[in-house]
Amino acid sequence: MKALVHAIVFTIDDNDTIIPDGTVLVDGDRIAAVGSYDSIPIPRGSQIVDCTGHVLMPGLIDTHNHSSLIRGVDENLDLVDWLPVYDLEHRTCTPSDARQAYRLGYLECLLNGTTTVQDMHRHMDQAAQVAGEMGLRVFLAPYAADVPPYDFFETSESNEQLIRDWHGAFNGRVQIEAGIEDVFYSSERMYARALDMHERYGVRIHTHGPEHPEEEETSRKRFGMSIIELLHHRGFLGDYLSLGHCVPISRSDMDLIAESGASICHCPISAAKLGCGTAPVRDMMEAGVNVSLGSDGPIDNNSMDLFQEMKFASLMQKVRYMDAKAFDAKTMLRMATINGARTLGMEHTIGSIEAGKKADLITINLNHPSLRPICWNKKDDTNLIWALVFAMQGNFVDTVMVDGQVLVQDGHLLTADEDDILQNAQRQGEDWMRRRDAAMSQLLEPIRD
Ligand SMILES: [Zn+2]
């Protein structure tokens, strides 16, 4: 048993309880108890960890990510013009490229306090192995596409093999999903195969919703309906589904999503960067949709720091609705934790600090000028709640625990060699870039009707 004592505990439970001097007991991979220091007896023989001067909160959940070694090279492009360049990355991606991308990306996520990642990429047996060994919790959705000329991604067959080989591995930390690129890259048959995998193996499904208004226009011309209507028409919407992005969606699209119980993974930095716009998140939530956060990965973010994502998401919504009260710190913390858990069907297992849940926890060192001074008041309990969203940086994270195992201590990874990860990523990234640039002659036309 581990006893984490004297922490300022942000539980993110139903009441957003904050405990100024709290204890969290961890037994194996689970939280055994949480409460004030005075109220929780510490069992004899416990390993006591003094968390004085630290916040203890649930690990953050990145619900839409694409691992990559390519970052900051395809800039200043609108989504529709950017996608063909991005396709080249996948055309030339080898298992070694993918492996080093997962090692680098999962290191970055963990150091920034992210304990669960929903990742969509290629050669995901490598992701399962890397995450398994590093200790991260992952939901892996292969990029499956079969519509020519996009039939160089993953296939339904490789997706099914991945499920058979890895679903539930590493104490359940590695979960495989049925992954689908989008309605332009993947055929109706591929959607049916994904549903079939969901039914036969009980896996969840992850795909892209509409991202750029131009995609919506193309969908209406090509299919005679919006992308969400098409997914509904294909019987694809359900509580097992999470949709990346969903920037240009109508109120009736939101109602379809809400009725089905599907979730939306909101990626505000990527949406801004690729010229997609600002998603109407308040309308989504009012319609009853669960909305979580995603970084969308290094290639179109360019970092994976959900603390930055929370701040940016809140500010963009305040701008969109011209309302300073919109998307306060509590809402943002919930989007990055418990809403993320709900997106993955894990709200009873992760996403908050409550007895019986998995011990996916982080601590934050409060000895940073941007987090001080700390004060307590009647209105918000503490100003720290605002600091965590509007002043915090991922690199203030001190300790990261997943499944009760300490993976990061004093801001450094314990489960793999950081230098080795960085050096390999550098070497492999340069090589991948060379091969990608050589394939430039195969650049496809952007999808436009
Ligand atoms: Zn995406």
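All values below were derived from every heavy atom in this structure, side-chain atoms included, with hydrogens, water molecules and symmetry-related copies excluded. Each ligand, and each atom within it, is numbered from 1 in the order the structure gives.
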Looking at Asp296, which of its N, O or S atoms is the nearest one to the Zn ion (ligand 1)? OD1

Looking only at N, O or S atoms in His66, which is nearest to the Zn ion (ligand 1)? NE2

Looking only at the side chains, is there a donor atom on one of His64 and His266 sitting less than 3.5 Å from an acceptor on the other? no

Any ion pair linking Asp255 and Arg251 (charged N to carboxylate O, less than 4.0 Å)? yes

Is there a side-chain contact between Asn339 and Met285 in this structure, where contact means two heavy atoms from C-beta onward sitting under 4.5 Å apart? yes

Opening angle at the Zn ion (ligand 1) [NE2, His64; NE2, His208; to 10 degrees]: 90°

Taking only Lys NZ, Arg NE, NH1 and NH2, and the carboxylate oxygens of Asp or Glu, determine whether Glu154 and Arg122 approach each other closer than 4.0 Å. yes

